[in-house]
There are 4 protein chains.
Amino acid sequence: MEAFSDGVFAIAITLLILEIKVPPHAGDHLWSDLGHQWPSYAAYVVSFLVIGIMWVNHHTLFSYVVRVDRTLMFLNLLLLMTVAAIPWPAGLMAEYLREDNASHVAAAVYSGLMVVMALNFQALWWHVTRTGHLFDDRVDVTAARATRARFALGSLAYPATVLLAFVSAPLTLAAHGVLALYYGFNQLRIPTRETV
Amino acid sequence: MEAFSDGVFAIAITLLILEIKVPPHAGDHLWSDLGHQWPSYAAYVVSFLVIGIMWVNHHTLFSYVVRVDRTLMFLNLLLLMTVAAIPWPAGLMAEYLREDNASHVAAAVYSGLMVVMALNFQALWWHVTRTGHLFDDRVDVTAARATRARFALGSLAYPATVLLAFVSAPLTLAAHGVLALYYGFNQLRIPTRETV
Amino acid sequence: MEAFSDGVFAIAITLLILEIKVPPHAGDHLWSDLGHQWPSYAAYVVSFLVIGIMWVNHHTLFSYVVRVDRTLMFLNLLLLMTVAAIPWPAGLMAEYLREDNASHVAAAVYSGLMVVMALNFQALWWHVTRTGHLFDDRVDVTAARATRARFALGSLAYPATVLLAFVSAPLTLAAHGVLALYYGFNQLRIPTRETV
Amino acid sequence: MEAFSDGVFAIAITLLILEIKVPPHAGDHLWSDLGHQWPSYAAYVVSFLVIGIMWVNHHTLFSYVVRVDRTLMFLNLLLLMTVAAIPWPAGLMAEYLREDNASHVAAAVYSGLMVVMALNFQALWWHVTRTGHLFDDRVDVTAARATRARFALGSLAYPATVLLAFVSAPLTLAAHGVLALYYGFNQLRIPTRETV
């Protein structure tokens, strides 16, 4: 399960580059055509961080999971479906970030997918902490359960980015970059018996 | 053999997103253009489930297989050839699901590939249970052989979807989603000596 | 080294499907448009077999290699460069197999790449049997060296397909399918001390 | 961490082939159209070597790293972001190498990415040798630190290729090929206690 998931993360993150196009027929104005494409680069960097950090957290969680039941298998498949979809809204952002109305739509779709991904990861964490027996013996299940409220609270930032999408699409993309970095430096900690 | 197969499953499932296009020149009607693309999203979700669940069953089977003969190697290569092809009929569905005559063609091709995949998996199961010695010692080979009739019967649903394709393409796609979920919740069980 | 190589094989084999296009604007003649694309399907099946069987032989070889020197690393990288390139001549075949002059060019390029791949695999085998110490202790190095002449002879079929390309492109593609199957059923055997 | 990184390297290297296009509507002049595409082939070969050799060095480094801290995780993610981006400047080179002004731009972008990649690898090496405790016990940390100056000096070749880009784009591409081969034959050596 984990090797398959790692594969999907690695492929999705590498496919992001296909959304940065080679400008056609640029002739003598290749520099300006490349500059004009800045939304592609921004969408690439932010989406790379988003998938990369999500992978780190997914990897941390699954390194403590030793049994997989059907619900977990199914929730994980849904999470992968969301992660693997990220190149598409990244492409939307790349295409429409510099347009007026369309930029808000693109940003809302991007943020919407992030909401679904965050909810999905929540559901996965909820299921693993609720059942308890899927965890490795090292894990302090009671302490893990206690993290749920704080963890859910942290995810409220994602619905907020949907609202932000209607204010400014570039700001929304920046916000997703900041959120990814925040979760990169405040990674999921699985409480173990030793640490309690 | 298994790491290679897992790689092909993971890549095929992640390439599906390339069939969801970024609408070009959408301008102010990006919302409606995105809505218009609903067949892409439906084909993505269903095909993701199909490949994901097939991977789970493939993985379960191969976790009990400890020897590989040439026939098994060859049957597995054919199965991977079918799985890796799924992004293409998924793209057909995405392109033609909203058209009249063409939608039936696209759905028939999609269903046809599913028939081939189901037959292939049957052949693989038949070969492994017939030879017996490819299995791990834990497996109850007699009981495994006894599952073949019931298993083959279950696969009759796939030819039925070819007929359904000529009635309604959206219904056909939905049927494949339901079949994937059904096999997700009624996964392949390999009878082991302890369970008999 | 082997996990990386397996990854490249798995990705190259799965990218082949991107060369089968969804016919655009097919309307009511989708069946005939799909039929018209038969070179795509043929190129997909043959190229899938070619990469799949090459992977089996590569995997067999490397399962007996326990040390990697720079030359082996470099020869392996060149082999992967050839394998990863196969989707491109497969696309050429798909595009030009039904045209007159262009079909010979496409078939010659396809066969040319197969010659390079066969030479590369020869060089790899030559290097590993010559040095000897890269092999696992199980391997009978003298017997392995003795296979080289017969093995090189077998590879003469590839230059012959370059000539065949100027006679008939469809026959050339069929020949590559037959060669892949031949090597699939007459796989590389590494002589071990027990078998001598 | 390492399996994920290996996956990204393997995918990025295999996606390079997508930058070699099948010439459309070539008719009877397919040979000359294929010849005309020589920049695609050159960019493919050089970029394949660049990613392949970088993978070898990355793999060597990580085979001596047994602990991962946040900084290392982050620096590695940035390095992967650079490696995964290579298909894009490779595509730029393929498209514009035969044009006059645009070729210098494409070559400068290619070289610029190589500078970023080299700096990134330097930062990774600096961090791992500075902290020391992330290394395996076999590693002679003092000797590893002593390599830093020489290692940094070697990387000065990359900024030089940015200047070369404004002289000649084909020469720049050739220089990157030579640099990759140089680093392939003078790989990163991690000093171990035994070798001191």
Side-chain angles (χ1 to χ4, degrees), chain B residues 1-16 18-19 21 39-40 43 47 51 68-97 99-110 112-113 116 169, chain C residues 2-35 37 40-41 43-60 62-63 87 94 177 180-189:
Chain B
M1 176 60 83
E2 210 193 329
F4 181 74
S5 305
D6 282 6
V8 172
F9 275 97
I11 301 154
I13 214 171
T14 318
L15 287 182
L16 287 170
L18 300 182
E19 299 302 334
K21 307 295 183 196
S40 298
S47 304
I51 300 181
V68 174
D69 63 5
R70 274 172 203 183
T71 312
L72 181 58
M73 185 276 289
F74 199 70
L75 288 173
N76 190 52
L77 207 56
L78 286 182
L79 182 67
L80 293 180
M81 196 189 287
T82 321
V83 169
I86 291 177
W88 175 67
L92 270 182
M93 285 294 230
E95 185 76 19
Y96 291 109
L97 198 62
E99 289 191 23
D100 201 38
N101 289 334
S103 74
H104 299 301
V105 179
V109 171
Y110 195 99
L113 192 74
V116 173
Chain C
E2 209 194 329
F4 181 74
S5 304
D6 282 7
V8 172
F9 276 96
I11 300 153
I13 214 170
T14 318
L15 287 182
L16 288 170
I17 197 63
L18 300 183
E19 300 302 334
I20 306 189
K21 307 296 182 196
V22 171
H25 317 300
D28 283 0
H29 44 89
L30 183 52
W31 273 131
S32 68
D33 281 20
L34 289 175
Q37 280 192 347
S40 299
Y41 316 136
Y44 176 73
V45 170
V46 170
S47 306
F48 203 99
L49 288 176
V50 166
I51 300 181
I53 305 296
M54 179 45 96
W55 172 74
V56 171
N57 284 322
H58 185 275
H59 185 75
T60 305
F62 273 81
S63 66
L181 288 178
Y182 173 81
Y183 282 110
F185 286 98
N186 295 277
Q187 288 162 31
L188 178 68
R189 295 279 286 274

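In this text the structure is predicted, and so the values were computed from the model without any measurement. The chains referred to below are lettered A, B, ... by the order of the sequence lines, with proteins before strands, and numbering in each begins at 1.
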Highest number of heavy-atom pairs under 4.5 Å with chain B: which of Ile11(C), Asp6(C), Ile20(C)? Ile20(C)
Which class fits the ring pair Phe185(C) and Phe74(B): parallel under 30°, tilted 30 to 60°, perpendicular over 60°? tilted
Heavy-atom proximity to chain B below 4.5 Å, by part of [X]:
X	value
Val56(C)	side chain
Pro23(C)	both
Leu16(C)	neither

Say you draw a straight line from CD1 of Ile17(C) to CE of Met81(B); how long is it, rounded to the nearest 0.5 Å? 10.5 Å
Could you report the tightest heavy-atom contact between [X] and [Y], atom names first, then the distance?
X	Y	answer
Phe48(C)	Ala84(B)	CE1-CB, 3.9 Å
Gln37(C)	Trp88(B)	OE1-CZ2, 4.1 Å
Gly91(B)	Val22(C)	C-CG2, 3.7 Å
Tyr96(B)	Ala26(C)	OH-N, 2.9 Å
Ala102(B)	Gly27(C)	CB-O, 3.4 Å
Tyr44(C)	Ala85(B)	OH-N, 3.4 Å

Leu15(C) vs Leu15(B), test: side chain to side chain contact (heavy atoms under 4.5 Å, CB included). Steps then yes/no. CA-CA 8 Å; Leu15(C) 287 182; Leu15(B) 287 182; 4.2 Å; yes
What part of Leu80(B) lies closer than 4.5 angstrom to a heavy atom of chain C: side chain, backbone, both or neither? both
Quick one: what part of Leu77(B) sits under 4.5 Å from any heavy atom of chain C, side chain, backbone, both or neither? both
Start with the C-alpha distance between His104(B) and Leu30(C), add both sets of side-chain angles, then the distance that settles side chain to side chain contact (heavy atoms under 4.5 Å, CB included), and finish with yes or no. CA-CA 10 Å; His104(B) 299 301; Leu30(C) 183 52; over 6 Å; no
Quick check: do Trp31(C) and Val109(B) have side-chain heavy atoms less than 4.5 Å from each other? yes
